[in-house]
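When a ligand or atom number is given, it counts from 1 through the structure's own listing order.
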Amino acid sequence: MTKKLKFQTPRGMHDILPEDQPAYLKIAKTAEEMMGFYGFQRIDTPLVEDAELYEKATGASTDIVEKQMYTFKTKGGDMLALRPEFTPGIARAYFEHGMVDRPQPIKLWTSGPLFRHESPQAGRYRQFHQLDLEVFGEESAAIDAQLIQIAHALLSDLKFSHLIIEVNSIGDSQCRPYYKKTLVNYLRARQQSLCADCKRRLRANPLRVLDCKEEKCQRVRSQAPQMVDHLCEECKNHFKQLLEFLDEADLPYHLDPYLVRGLDYYTKTVFEIFSDKTVKAPEAEDAPSRTALVGGGRYDNLLKQLGGKEVPAVGWAAGIERIVELMKAGGVISEHQVQPKVFLAQLGDLPKKKSIKLAEEFRKAKIPIADSLGRDSLRAQLARADKLGVPLTLILGQREVLDNTIVIRKMDTGEQETVALGRAVEEVKQRLKG
Ligand code: HAM
C-alpha cells in the first residue's frame with residue numbers, strides 16, 4: 001500500500017491524471033472544430049482580474065462574489081480576484097481592445113481554469129474548467145437559439161444522448177422591477193417558511209430565492225408568481241421568437257418558469273442544459289443530484305454597466321469536469337487514446353542513440369510509435385510490445401546499426417525481415433497498409 005503523504009491536492013481541487021487526459025483532449029478538439037465552424041475566434045484573458053470587475057458584473061450580492069471569490073491584495077496594493085467565471089473578463093477585453101468599433105457581431109470563445117470557493121461535492125470543485133463562448137452586438141433571439149443549438153450539438157458529438165434544455169426569460173430593466181415587487185410581496189407574506197439565506201436574499205436579491213435548493217424554499221416557490229406572466233411586450237416577443245426557433249431546430253427543451261441563474265447580469269433568455277444521467281461522488285452518502293452541464297443567457301445591460309456603450313450580448317459556459325465525469329461513467333473515453341502502431345526495440349547504447357532519431361522520423365510520418373528506451377532486454381521489450389497490441393516491432397541491435405539495417409517483426413506470426421535503416425518508415429507504411 002502506498003504511504004499517505006502529508007501533502008494532498010488542496011480541498012476541492014484535483015489532478016487531471018494521464019488516464020483522464022484523453023477525455024479532456026477529446027472535448028478540446030471537438031470544441032475547437034465546432035467553434036471554427038461557427039466562426040468563433042479564440043480569446044484568452046488573465047487568470048486574475050480586478051476584483052471590482054466581478055462585483056460590478058457578476059453581482060455584489062451573488063454567491064460567487066459574496067462567498068466564493070478568491071481575492072488577494074498585491075504588493076502594489078491592487079485588489080485582484082482569481083477568475084470565478086469568464087464573462088466579465090471577456091466583456092472587459094471587448095471594450096479595452098476596441099472590438100466594439102469592429103463590424104458586429106463579435107463571436108469569441110475560450111477555455112481554461114476557474115476558481116470558486118464552493119463546498120466540494122459531486123461535480124462542484126474549487127478549481128474547475130469551462131468552455132465558454134460569447135457573442136457581442138446581436139440582439140435577435142435567433143442567436144440565443146443558435147447558441148443553445150451549438151451547446152446541444154457539442155454534447156451530442158461527445159455522445160451524450162439524453163439531454164434536457166431548460167429555458168426561461170427573466171425580462172429586462174423595463175419589466176423585471178415590477179415582477180420583483182410582486183415576488184417580494186408574495187415572499188414577504190411567507191418569510192417564516194424560508195431558510196436563513198433566503199430571508200437575507202429577500203432583501204438583497206429576491207429572484208435568487210427561486211433558485212434555492214432547500215426543500216422548504218422550494219415549497220414556497222411552487223406557488224410563486226412567474227416572470228413569464230409579467231414580461232413587457234419586447235421581452236415577450238423575444239421569448240416567443242426564441243421558442244419558435246428552438247421548435248424549428250427540433251431541440252428538446254422545457255420551460256422552467258423559475259430558472260433564474262446565479263449571476264446578476266442576465267436579461268431575457270436564460271438556459272441550462274442537463275443530462276438525465278448523474279454521477280455520484282464516491283464519498284457522498286445522499287443520492288446524486290442533477291447538475292447542469294451548461295449554463296448561459298443574454299446580458300444586454302452588462303457592457304453599459306461596466307462603463308461602455310450599450311451592446312446586446314449572449315453566451316454560455318460548459319463545465320468540463322462534469323462532462324468528463326459523465327463520459328467516464330459511460331465509458332466513452334478509451335477509444336480516443338492514441339494507439340501506437342509500431343514498437344521500437346533497441347539493444348545497446350549505439351542503437352539507443354539511433355532510436356531517438358528514428359522515432360522522430362516516424363512522428364513526422366504521423367505513425368504513432370512506442371518505445372522503452374530504459375530497457376535493454378529484448379524479451380522485456382517484446383513483452384511490452386505484445387501488451388500494447390502493436391502489429392509491428394522494429395528491432396535495432398548493434399549489428400543492425402553497423403550494417404545500417406533494421407529488423408521488422410510481425411507480432412502475430414513472429415516472422416522477421418531485415419530492411420535498410422533508411423527505408424524503415426516506408427517499409428513500415430507498406431506493411432501497415434497491407
Ligand atoms: P455558471 O452557471 O456559473 O455560468 O457556470 C457554467 C457551468 O460551469 C455550469 O453549468 C457547470 O457545468 C460549470 N460549473 C460551475 N461551477 C462549477 C464548479 N464549482 N465545479 C465544476 N463545474 C462548475 C457561468 O459561469 C457564466 N459565465 C456562463 C455564461 C457565459 N453566461 C453568459 N456567458
With atoms numbered from 1 as shown, which atoms in ligand 1 lie under 4.0 angstrom from a non-hydrogen atom of [X]?
| X | result |
| --- | --- |
| D132 | 30 (C) |
| L293 | 10 (O), 12 (O) |
| Q130 | 5 (O), 6 (C), 7 (C), 8 (O), 24 (C), 25 (O) |
| Y265 | 26 (C), 27 (N), 31 (N) |

Counting heavy atoms only, which of [options] is nearest [atom]?
| atom | options | result |
| --- | --- | --- |
| atom 27 (N) of ligand 1 | E118, E85, H117 | E85 |
| atom 28 (C) of ligand 1 | G295, G297, G262, G319 | G295 |
| atom 12 (O) of ligand 1 | G315, A313, A292, G296 | A292 |
| atom 29 (C) of ligand 1 | Y266, F86, Y299, F271 | Y266 |

Donor-acceptor pair between N205 and D264 side chains, under 3.5 angstrom: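 Short answer, yes.
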
For Y299 and E134, what are the C-alpha separation, side-chain angles and deciding distance, and is it a side chain to side chain donor-acceptor pair (under 3.5 Å)? CA-CA 10 Å; Y299 50 99; E134 314 286 352; 2.5 Å; yes

Does a side-chain N-to-carboxylate-O contact under 4.0 Å join [X] and [Y]?
| X | Y | value |
| --- | --- | --- |
| E49 | R83 | no |
| R208 | D63 | yes |
| E360 | R363 | yes |
| E233 | K236 | yes |
| E138 | K107 | no |

Is the cationic atom of R190 (NZ for Lys, CZ for Arg) positioned less than 6.0 Å from the six-membered ring centroid of Y186 and within 45 degrees of its normal?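 Positive - R190 is close enough to the ring of Y186 and near enough to its axis.
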
Under 4.0 Å, heavy-atom basis, I'd like to know which part of F115 is in contact with ligand 1: side chain, backbone, both or neither. neither

Should the proximity of V294 to ligand 1, defined as any heavy atom under 4.0 Å, be assigned to the side chain, the backbone, both, or neither? backbone

Write out the residue and atom name of the closest protein heavy atom to [atom], then the distance separating them to 0.1 Å.
| atom | answer |
| --- | --- |
| atom 20 (N) of ligand 1 | Y125 N, 2.9 Å |
| atom 21 (C) of ligand 1 | G123 O, 3.2 Å |
| atom 14 (N) of ligand 1 | F128 CE1, 3.6 Å |
| atom 33 (N) of ligand 1 | E134 OE1, 2.8 Å |

Heavy-atom count around K199 NZ within 6.0 Å, excluding the residue itself: above 12? yes

Do other residues, nucleotides or ligands put more than 12 heavy atoms under 6.0 Å from the CD atom of Q146? yes

State if E321 counts as touching ligand 1 under the rule of any non-hydrogen atom under 4.0 Å. no

So, 4.0 Å and heavy atoms of R261: is ligand 1 close enough to count as a contact?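 Within the 4.0 Å threshold, so yes.
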
